[in-house]
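Right, one structure below, let's go through it.
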Amino acid sequence: MVDPVSRLLTKSNSALSEGLDFPTIWQTVLKRHPYVAGLPIQDKNELGPFLKIPLITGGFLISDARGFHLD
């Protein structure tokens, strides 16, 4: 059985691979998901800018140039 966070990650990356941009993915996939705990937070590192979406698990779903991944 796949946990809800893994399903959310897969669904987000699927939407991205279909050509949807982040604002659309936020509105259609992430914003109302029960595991999303708040608004995206902008940040940057040596690879460039990224968005951190807080999860109720205490972790983050990261959106950067590589796609979505968990932190």
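All of these numbers come straight from a predicted model, not from anything done at the bench. Each residue takes its place number in the sequence, starting with 1.
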Got a second to check how far L20's CG is from S12's OG, nearest 0.5 Å? 10.5 Å
Give the minimum heavy-atom separation between L16 and G67, together with the two atoms involved. CD2-CA, 3.5 Å
Name each donor-acceptor pair under 3.5 Å that joins a side chain in residues 40-48 to protein atoms two or more places apart or in another chain, with its distance.
unit_1, atom_1, unit_2, atom_2, d
N45, OD1, L47, N, 2.8
N45, OD1, G48, N, 3.3

Spacing of F22 atom CZ and F50 atom CZ [to the nearest 0.5 Å]: 12.5 Å
Stepwise, does the side chain to side chain contact (heavy atoms under 4.5 Å, CB included) test hold for F68 with L30? CA-CA 12 Å; F68 288 91; L30 300 170; 4.2 Å; yes
When you look at L61 and L9, which way does the side chain to side chain contact (heavy atoms under 4.5 Å, CB included) test go after all the steps? CA-CA 7 Å; L61 181 64; L9 176 62; 3.7 Å; yes
Using the side-chain contact (heavy atoms from CB on, under 4.5 Å) criterion, which residues pair with K11? Sequence neighbours excluded. V29
Nearest 0.5 Å, please: how far is NE2 in H33 from CH2 in W26? 11.5 Å
Separation between CG (L8) and CG (L55), nearest 0.5 Å, reads 6.5 Å
Verify whether one side chain among H69 and N13 offers a donor that lies under 3.5 Å from an acceptor in the other. no
So CD1 of I25 and CG of L51: to nearest 0.5 Å the spacing works out to 11.0 Å
F60, I56: one ILVMFWY side-chain cluster at the under-4.5 Å cut-off? no
By side-chain contact (heavy atoms from CB on, under 4.5 Å), P49 pairs with (sequence neighbours left out) none
Just verifying a value: how many Å separate D21 CG and Q27 CD, rounded to the nearest 0.5 Å? 10.5 Å
